[in-house]
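These notes are about the structure you will find just below.
One is the number of the first residue; the rest follow in order along the sequence. Side chains are part of it too, since the values below use all heavy atoms of this structure and drop only hydrogens, waters and symmetry mates. Quantities reported herein were computed from a predicted structural model and do not represent experimental measurements.
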Amino acid sequence: LSLSYYLQLVHHHLDFVSVFTFVHASVFLILCLSYRDFVRASNPLTVKYGVLAALAGILIVFVNTSIGFFILRKNYHGIVDIVDAFIYSFNWFFVHADVTLKHTRMAILYADFAFTLFWICIAFAFVLILTPLIYQPSATIWERNRVRTLVNKHSQNPLSYVCVEDDKKYFFGSNVEGVIAFTIVGGVIVCVGDPICGADDMGIFLMEFLRYAKNNDLEIIFCETTDAFLDVYQSMGFNRLKYGEEAMFYLPEYTLVGRKKVNLRNMIIRANGAGISVVEYKPQEKRDATIESQMNDVSNEWLVSKKSGELSFMIGTVGLKNPMDKRYFLGVDESGTVQGFIVFYPYMQKLGYYADITRRRTEAPVGVMEKIMTSAFETMKEEGVLWCSMGIAPLANITATGEKASFYEKLLTFVYENMNQLYNFKSLYHYKSKYVPTHWHECYLVYYKQITPKMVYALIKAQNPKGVSEYLFAGLRTLFKGNGNEREKNPS
């Protein structure tokens with residue numbers, strides 16, 4: 001509007017009673033009243049490119065036009081030397097003064113073309129400079145390697161290693177060493193676990209991230225956080241909502257002895273009877289194309305039997321193309337065929353491991369996953385690993401005993417109790433309970449100020465690209481096909 005007013009003043013002298021001026025004033029008033037809709041900061045990356053484009057474009061076009069005016073000086077008024085040509089270029093671009101003496105076709109065509117090209121450069125630069133943060137390019141290999149280093153150095157949340165997967169975007173600390181992995185869905189930043197940084201730097205790093213979100217008019221929600229930084233979150237204006245419980249195993253104390261583990265031992269005995277043995281495959285040391293082909297077959301078979309898209313974002317991948325620090329434990333039968341496998345991710349400087357990916361063949365012998373899991377526990381225990389996690393049981397034990405439940409706690413409890421057709425909440429909790437964890441650690445959703453329906457949708461959409469509809473259709477298929485019992489038997 002400012003530019004438009006300026007050009008109108010130069011060419012027509014401002015007429016306050018003109019219709020054109022009235023339209024300008026109306027638009028300006030509307031923009032002033034709706035200024036809160038324009039609070040997102042420009043993308044720093046495009047601002048950089050916009051400034052460079054503006055400087056380079058303006059300089060090139062300005063110099064080129066000045067030289068052109070000088071060469072064609074016989075067609076223009078008063079151009080004697082190159083300095084005159086530069087002055088006329090300035091007047092032509094910014095005042096649009098008529099500098100032609102002879103209205104020849106060449107003179108008019110060249111001047112108009114130069115004017116158009118100059119303002120195209122200006123407009124392109126403005127578009128880049130004013131582009132808000134609505135798109136984040138995919139992370140580079142260098143960034144993921146940097147994240148991997150930070151995870152191995154600072155991670156305390158078992159979920160942290162998921163941050164190195166390809167579907168993440170990153171916010172790195174400016175004043176402290178740290179990273180937050182996230183995605184943006186509908187104006188909401190959905191973050192993986194806790195920020196990854198030193199414990200003493202958490203407050204400063206979280207403040208940086210909060211400023212980044214506010215500048216870009218984005219809501220924040222952290223998914224599956226631990227209780228390690230709850231006081232820091234609270235001091236920054238965040239609130240929390242229990243999201244479930246994580247099955248944790250303190251390996252120095254964990255054994256298969258005890259009455260509660262009778263069913264688990266029976267499953268392992270059945271796997272032993274079927275000739276199942278457990279081996280650790282180490283692709284970082286030596287690749288085996290046959291084993292990897294079988295593992296891919298197991299994954300494909302599992303995905304077909306699942307009858308829905310594979311969840312992402314909060315879940316990692318098998319990652320055989322680039323295994324990095326992942327550990328692979330395989331259940332193999334007497335013929336050497338892989339019947340199932342579990343992928344473990346490190347955290348806490350490899351003093352802990354997280355069982356993230358579990359896969360088995362549809363017709364695998366009973367007890368194969370139990371055999372793999374407990375054998376991996378035993379191997380890691382001998383190595384001095386302290387903790388293993390089987391991951392979260394979503395919505396389990398949301399309400400604390402003796403405390404008054406909030407609206408959202410009641411809602412999540414209702415979902416857990418009554419909507420297992422959409423997701424096998426209860427069977428997943430019972431499956432993990434079968435291993436008798438030494439600890440159940442509470443996991444939380446941490447959100448800024450208050451939780452909104454937009455945040456809930458963003459959580460679902462981030463984990464499943466097909467969104468809410470995928471859960472609804474999967475639930476309907478389960479309901480009408482009557483396969484709920486099958487899911488109860490095989491939650492993995």
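E246 CD to K432 NZ: the interatomic distance, rounded to the nearest 0.5 Å, is 8.5 Å. Taking OG1 of T379 as the reference point, atom CZ of F329 lies at 5.0 Å (rounded to 0.5 Å). Note that CG of L150 is 9.5 Å distant from CG of N152, once rounded to the nearest 0.5 Å. Atom NZ of K449 is separated from atom CG of N239 by 8.5 Å, given to the nearest 0.5 angstrom. In this structure, CD1 on I451 lies 7.0 Å from CG on L459, to the nearest 0.5 angstrom. Atom CD of residue E177 and atom CD1 of residue I204 lie 13.0 Å apart, to the nearest 0.5 angstrom.
Shown here for V278 and I372, the closest heavy-atom pair between the two residues is CG2-CA, 3.8 Å. Here the shortest heavy-atom pairing between Q349 and K153 reads NE2-O, 3.2 Å.
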Return all side-chain donor-acceptor pairs below 3.5 angstrom for residues 187-197, not counting sequence neighbours, or 'none' if the list is empty.
residue: D194; atom: OD1; partner: Y233; partner atom: OH; Å: 2.7
residue: D194; atom: OD2; partner: Q156; partner atom: NE2; Å: 3.2
residue: D194; atom: OD2; partner: N157; partner atom: ND2; Å: 2.9
residue: D194; atom: OD2; partner: T226; partner atom: N; Å: 3.0
residue: D194; atom: OD2; partner: T226; partner atom: OG1; Å: 3.2

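A salt bridge is absent between K326 and E280; no separation between the charged side-chain nitrogens and carboxylate oxygens falls under 4.0 Å. A salt bridge does not link E143 to K169: none of the charged side-chain nitrogens sits closer than 4.0 Å to a carboxylate oxygen. The pair K242-E409 fails the salt-bridge criterion, with no side-chain N (NZ, NE, NH1 or NH2) lying under 4.0 Å from an Asp/Glu carboxylate O. Of the charged side-chain nitrogens involved, none lies within less than 4.0 Å of a carboxylate oxygen, so that E301 and R360 do not count as a salt-bridged pair.
The shortest side-chain heavy-atom distance between Y170 and I180 does not fall under the 4.5 Å cut-off. For the pair K371/S375, a side-chain contact is recorded, criterion being any heavy-atom separation below 4.5 Å from C-beta on. Proximity of S299 to F341: side-chain heavy atoms (C-beta onward) are separated by under 4.5 Å at one or more points. The side-chain heavy atoms of P394 and L428, taken from C-beta on, include a pair separated by under 4.5 Å. Two residues are said to be in side-chain contact when any heavy atoms from C-beta on lie closer than 4.5 Å; Y354 and M348 fail this criterion. Taking the side chain as every heavy atom from C-beta outward, Y161 and S155 never approach each other to under 4.5 Å. Side-chain contact between E417 and K426 is present, with at least one heavy-atom pair separated by less than 4.5 Å. For the pair I357/Y345, a side-chain contact is recorded, criterion being any heavy-atom separation below 4.5 Å from C-beta on.
Between the side chain of Q284 and the backbone N or O of M324 there is at least one donor-acceptor pair closer than 3.5 Å. Between the side chain of E208 and the backbone N or O of S174, at least one donor-acceptor pair lies under 3.5 Å. Distance alone, capped at 3.5 Å, places no donor-acceptor pair between the K168 side chain and the R144 backbone. In terms of modelled atom types and a separation under 3.5 Å, the side chain of D201 and the main chain of V176 share no donor-acceptor contact. Checking side-chain atoms of S427 against main-chain N and O of N424 turns up a donor-acceptor pair under 3.5 Å. No donor-acceptor distance shorter than 3.5 angstrom exists from the side chain of R240 to the backbone of Y447, with no hydrogens or angles considered.
Not counting sequence neighbours, E378 has no partner by the salt bridge (charged side-chain N to carboxylate O under 4.0 Å, His left out) test.
Between F344 and Y353, the ring planes are perpendicular. Angles over 60° get that label, and only those under 30° would be called parallel. Note: F377 and F249 have tilted aromatic rings, judged against thresholds of 30 and 60 degrees for the angle between ring planes. Ring geometry for W387 against Y250 counts as tilted: the plane angle lies between 30° and 60°, on a 0 to 90° scale.
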task: Could you go through the side-chain contact (heavy atoms from CB on, under 4.5 Å) check for V262 and N266 one step at a time?
output: CA-CA 6 Å; V262 171; N266 288 337; 3.7 Å; yes

- prompt: What do the steps show when you test E292 against Y281 for side chain to side chain donor-acceptor pair (under 3.5 Å), and what is the final call?
  reply: CA-CA 9 Å; E292 293 187 11; Y281 174 53; 2.6 Å; yes

query: Run the side-chain contact (heavy atoms from CB on, under 4.5 Å) check on I221 and V446 step by step: do they pass?
result: CA-CA 6 Å; I221 185 165; V446 172; over 6 Å; no

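Between Y448 and F238, the ring centre distance stays below 6.0 Å. Within the 6.0 Å centre-distance limit, the rings of Y212 and F171 are counted as a close aromatic pair.
Other residues, nucleotides and ligands contribute at most 12 non-hydrogen atoms within 6.0 Å of the CD1 atom of I141.
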